[in-house]
Visitor: 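First, the structure itself, so that you have it in front of you.
A note on names: the letters A, B, ... follow the listed sequences, proteins ahead of strands, and every chain is numbered from 1.
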2 protein chains.
Amino acid sequence: MTKERADAARNREKVLSAASELFAAKDPRTVTMEDIARAAGVGRGTLYRRYPDVASIATALLDEHEKALQHELLQGPPPLGPGAPPHERLAAFYTAMAELLDQHVHLALGAETGARRYATGAYGFWRAHVLALLREADVGDPDALVDTLLAPLAPDVFAYQRERGVSTARLTAALTELARVLDR
Amino acid sequence: MTKERADAARNREKVLSAASELFAAKDPRTVTMEDIARAAGVGRGTLYRRYPDVASIATALLDEHEKALQHELLQGPPPLGPGAPPHERLAAFYTAMAELLDQHVHLALGAETGARRYATGAYGFWRAHVLALLREADVGDPDALVDTLLAPLAPDVFAYQRERGVSTARLTAALTELARVLDR
DNA sequence: AGGTGAAGTGGACACGGTGTCCGGTTGCAC
DNA sequence: GTGCAACCGGACACCGTGTCCACTTCACCT
């Protein structure tokens, strides 16, 4: 991996910041490569050089925010990090994810709508984490339960609930209850 | 509502059966209006006369199968229908939905991928049903919980789990456990 | 049976987004 | 300052969408 050229870096910056604004300004699911290229003031070819599609740009933006949480899950203090009982860690995870979604739904919608969600590296991470918690908690068939428990965190679901007037706080409470009830 | 003309009925039939085969034959999310028109041997204009988009055709096909379940929920024998305690009815509902998905994933994927799911009448029905059960079960904040509990039934999630090797039976067991544990 | 008007049909059209390709430009190392 | 490799951006061909309208088919009425 050789050093990035100056003009390339400049354009990457322009693209990311323009995309970030676009995702926030309109329905993220309707943002096109052409939109982003125009907003960033670069050619479409330049865009495709680095990103194969719109979703991957949103993913790149979202990744930054997710990295922090992933780090905390691995080596932060309990109950998010190791050290607390699994159901408490699950509740803490739910809370953190709800907050993350609350702040970045637009990016999440741009990145992981529909089936694309499962293709992102992030989903793999969350999945591995929850799977480990379920194994530790000794529930029956963790592999069948993981995706079920992650489903409510799909950006589509979150957006719909918000649209229906369910606040993030109420959602967090519901998820926490769910996590707690799973213990035993 | 006047009677349907003979040629119209004939075409409707051709369209639905051609669409049904197409959804089963390839990834339902990639089926286009053009595909269906060609397969049915009708013009694109004819298609648009009745259906605004591909999803609505899949929805029409899926509806038939869903009608039966909806009827049972309303007036069938317990535990699916009225008469059993709410958590048992929820478990029965989960089981029935898993079976429905098992048989018709392709249609469900064509009909309700991503956010479109919440726009269908069917989702409203499931939602109302589960909401009523949750109210009856006296859980805290049913409105915050209902979409959370329906999220695992999203076609995308089901398809992903199947792809990962989780059988419908295992999924059903997991969902049943979830429903039962909510009782308390 | 034949005429008539309304319902239904289908293909042509304009549009917008995709992804690729390549001649021209820019930056960096020497 | 020169050479080359990385990078840029617009043009191009393609595909799916949704609309529009001249034409066909049906069902009803006499």
Visitor: Among C/dG17, D/dC8, C/dT9, find the nucleotide with the atom closest to the side chain of A/Glu34.
Guide: C/dG17

Visitor: Could you tell me the separation between the CZ atom of A/Arg12 and the C1' atom of D/dG9, rounded to a whole number of Å?
Guide: 18 Å

Visitor: Mind calculating the distance between OH (B/Tyr51) and C1' (D/dT17) to the nearest angstrom?
Guide: 19 Å

Visitor: From D/dG18, C/dG27, D/dC26, pick the nucleotide closest to the side chain of A/Asp7?
Guide: C/dG27

Visitor: Take the protein atom CZ of B/Arg10 and the nucleotide atom C1' of D/dC26, then report the distance between them rounded to whole Å.
Guide: 9 Å

Visitor: Has the side chain of B/Arg5 got a donor or acceptor atom sitting under 3.5 Å from an opposite partner on the base of D/dA27?
Guide: no

Visitor: Do the side-chain N or O atoms of A/Asn11 get closer than 4.0 angstrom to the phosphate oxygens (OP1, OP2) of D/dC7?
Guide: no

Visitor: Tell me the interatomic distance from B/Asp53, atom CG, to D/dG18, atom P, rounded to whole angstroms.
Guide: 7 Å

Visitor: By nearest heavy atom, map B/Ala6 and A/Lys14 onto DNA chain D; which one lands nearer the 5' end?
Guide: A/Lys14

Visitor: In whole Å, what is the span from the OH atom of B/Tyr48 to the P atom of C/dA12?
Guide: 16 Å

Visitor: Please determine which of A/Arg116, A/Arg29, A/Arg117 meets the salt bridge (charged side-chain N to carboxylate O under 4.0 Å, His left out) test together with A/Asp156.
Guide: A/Arg29

Visitor: Phosphate oxygens OP1/OP2 of D/dG16: is one of them under 4.0 Å from a side-chain N or O of B/Thr32?
Guide: no

Visitor: Do the charged groups of A/Asp147 and B/Arg164 touch, with an N to O distance under 4.0 Å?
Guide: no

Visitor: A/Arg49 side chain: which of C/dG27, D/dA27, D/dC8 is closest?
Guide: D/dC8

Visitor: Ion pair present between B/Arg135 and B/Asp143, side-chain N to carboxylate O less than 4.0 angstrom?
Guide: yes

Visitor: In whole angstrom, what separates A/Arg44's CZ from D/dA13's P?
Guide: 15 Å

Visitor: Grouping I, L, V, M, F, W and Y whenever their side-chain heavy atoms are under 4.5 Å apart, do B/Leu69 and B/Leu61 come out in a common cluster?
Guide: no

Visitor: Tell me whether A/Leu100 is reachable from A/Leu62 by hopping between hydrophobic residues (I, L, V, M, F, W, Y) whose side-chain heavy atoms are closer than 4.5 Å.
Guide: no

Visitor: Calculate the interatomic distance between B/Ile36 atom CD1 and C/dG10 atom P; express it in whole Å.
Guide: 15 Å

Visitor: Does a nitrogen or oxygen in the side chain of A/Thr46 sit under 4.0 Å from OP1 or OP2 of D/dG9?
Guide: yes

Visitor: Here's a test of your reading of the structure: between A/Gly45 and B/Gly43, which maps to the more 5' nucleotide of DNA chain C?
Guide: B/Gly43

Visitor: How many Å lie between CZ on A/Arg50 and C1' on D/dA6, as a whole number?
Guide: 11 Å

